[in-house]
2 protein chains.
Amino acid sequence: MRVDAQRNRDRLVAAATAVIAEQGPAASLNEIAQQAGVGAGTLYRHFPTRESLLLEVFTSRIETLCVRARELAQIRPPGDALAAWLEAFLQHCLTDRGLAETVMKAPSGSDPDCATKLRTAGGRLVARAREAGTVRADVEVEDILQLAIGIALAADSPARAERLLSVALVGLRT
Amino acid sequence: MRVDAQRNRDRLVAAATAVIAEQGPAASLNEIAQQAGVGAGTLYRHFPTRESLLLEVFTSRIETLCVRARELAQIRPPGDALAAWLEAFLQHCLTDRGLAETVMKAPSGSDPDCATKLRTAGGRLVARAREAGTVRADVEVEDILQLAIGIALAADSPARAERLLSVALVGLRT
DNA sequence: CAACAAGCGGAGAATCTCTCCGGATGTTAC
DNA sequence: GTAACATCCGGAGAGATTCTCCGCTTGTTG
């Protein structure tokens, strides 16, 4: 990749991060391009869809969560680790409005595919908890993630989101 | 209200119902107005926001659910009635893409305020179940509705949605 | 049936997404 | 260094959409 292309890409992600933090994930792509000092065409060349841009913006969050999953797996028993990780995931979703939606709608075939990484990281925790007999065996990995995403999407306050997650966790236990 | 105004309103709702069934809840309002044989201004006079139109479109669904809540309250024990009603709610959300979102975002102050009716109807079932000691006492009415809405929003298939609801119901029991 | 109020329509302003291609700018081979 | 090439850029503009505004039409009422 040419250096100017890389620089523009970086600028776009930085501008998108700022604008989205301010206006939410439905912010104008035009404005993002302008803020980045770049033409609209450049934006669309680097990020063909809005989702691909959002995914890039949320990359650092997602990777933080992946790391957290590994940490928790080491310092906590399976059941606790899963619960703590879901809570962290929820926290991030509530902070960055749009993260949950982005992860939900993410296509599974894109290249950096952060959403898939997140699923894998969470999946390990779930698998471990299931082997340890802490969570129901008839529940798939994807179930648990979707439940967390749904809670993040529908809850109208952080307090409620946490309560709903705790309810869901009770339901997940054996 | 003048009779022509009423007629136009009816036409708009009919057209919106058809177009939304075909294109989803993000359908063009222009097209809905055109389909109704009415100017765009007329649409916006009757329904200032997209949400208000969607709410009207989903009115019959919502009222069906309110009726169902009353029926279930009579023929089933409290816990079962609530579970069955939530399942019915989920069914409707999965059928009419956009119902869940509409109910979620509905302003609580509008006049026919179907969303509030739905909350009241569901609320009675929840209250009854709580009095009977079937559901946890520390869970509010709104919690349960938001949980169901979240599941409807995030689930990627009807089968998964039902499984998630069953998990949630376990968590809600005392 | 006149006078008034209520409602209508659709042109148009403002905004947004997304495309296209002439021209500018890195990169590479010599 | 520089010529030749591939890559990338910019932003005008097409097309779509939301929403407003106001002159004109149509019901309603006494």
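Side chains included, hydrogens not; waters and symmetry mates left out as well; all remaining heavy atoms used.
A:Gln34 places its CD atom 10 Å from the P atom of C:dC16, with the value rounded to the nearest Å. Computed from coordinates, the A:Leu43 CG to D:dC8 C1' distance equals 14 Å when rounded to whole Å. Straight-line distance from the CG atom of B:Leu29 to the P atom of D:dA16: 16 Å, rounded to whole Å. For the pair A:Met1 CE and D:dA6 C1', the computed distance is 14 Å after rounding to whole Å. Following rounding to the nearest Å, B:Arg50 (CZ) and D:dT18 (C1') show an atom-to-atom distance of 9 Å. If you measure from atom CD of A:Gln6 to atom C1' of C:dT27, you get 16 Å, rounded to the nearest angstrom. Between the CG atom of B:Leu53 and the P atom of D:dT17 there is a distance of 16 Å, given to the nearest Å. For the pair A:Asp4 CG and C:dA24 P, the computed distance is 15 Å after rounding to whole Å.
Distance from the side chain of A:Asn30 is smallest for C:dT17 among the nucleotides C:dT17, D:dG27, C:dT27. Comparing D:dG27, D:dC9, C:dG7 against the side chain of B:Ala5 picks out C:dG7 as the nearest. When each of D:dC9, C:dT27, C:dC8 is scored by its nearest atom to the side-chain atoms of A:Thr42, the top-ranked nucleotide is D:dC9. Nearest nucleotide to the A:Arg2 side chain, out of C:dT27, D:dT28, C:dC16: C:dT27. You'll find that the side chain of A:Asn8 is closest to D:dC9, out of D:dC9, C:dT17, C:dC8. Nearest to the side chain of B:Tyr44, among D:dC19, D:dT26, D:dC8, sits D:dC19. Of the candidates C:dT27, D:dT20, D:dG27, C:dT27 carries the atom nearest the A:Val3 side chain, counting heavy atoms from C-beta on.
Where B:Arg45 and B:Ala40 meet DNA chain D, the nucleotide closest to each residue was compared, and B:Ala40 sits on the side nearer the 5' end.
A:Val170 and A:Leu86 fall into different hydrophobic clusters, where Ile, Leu, Val, Met, Phe, Trp and Tyr side chains are chained together by heavy-atom contacts under 4.5 Å.
OP1 and OP2 of D:dC8 both lie 4.0 Å or more from every side-chain N or O belonging to A:His46. Phosphate proximity of D:dA16 to B:Ser28: absent, as no side-chain N or O sits under 4.0 Å from OP1 or OP2.
The environment of CD in A:Gln34 is sparse: at most 12 heavy-atom neighbours from other residues, nucleotides or ligands sit within 6.0 Å.
The backbone N or O of B:Gly79 lies less than 3.5 Å from no partner atom in the side chain of B:Arg173, so there is not a single donor-acceptor pair.
Of the charged side-chain nitrogens involved, none lies within less than 4.0 Å of a carboxylate oxygen, so that B:Arg128 and B:Glu131 do not count as a salt-bridged pair.
Two residues are said to be in side-chain contact when any heavy atoms from C-beta on lie closer than 4.5 Å; B:Met104 and B:Gln146 fail this criterion.
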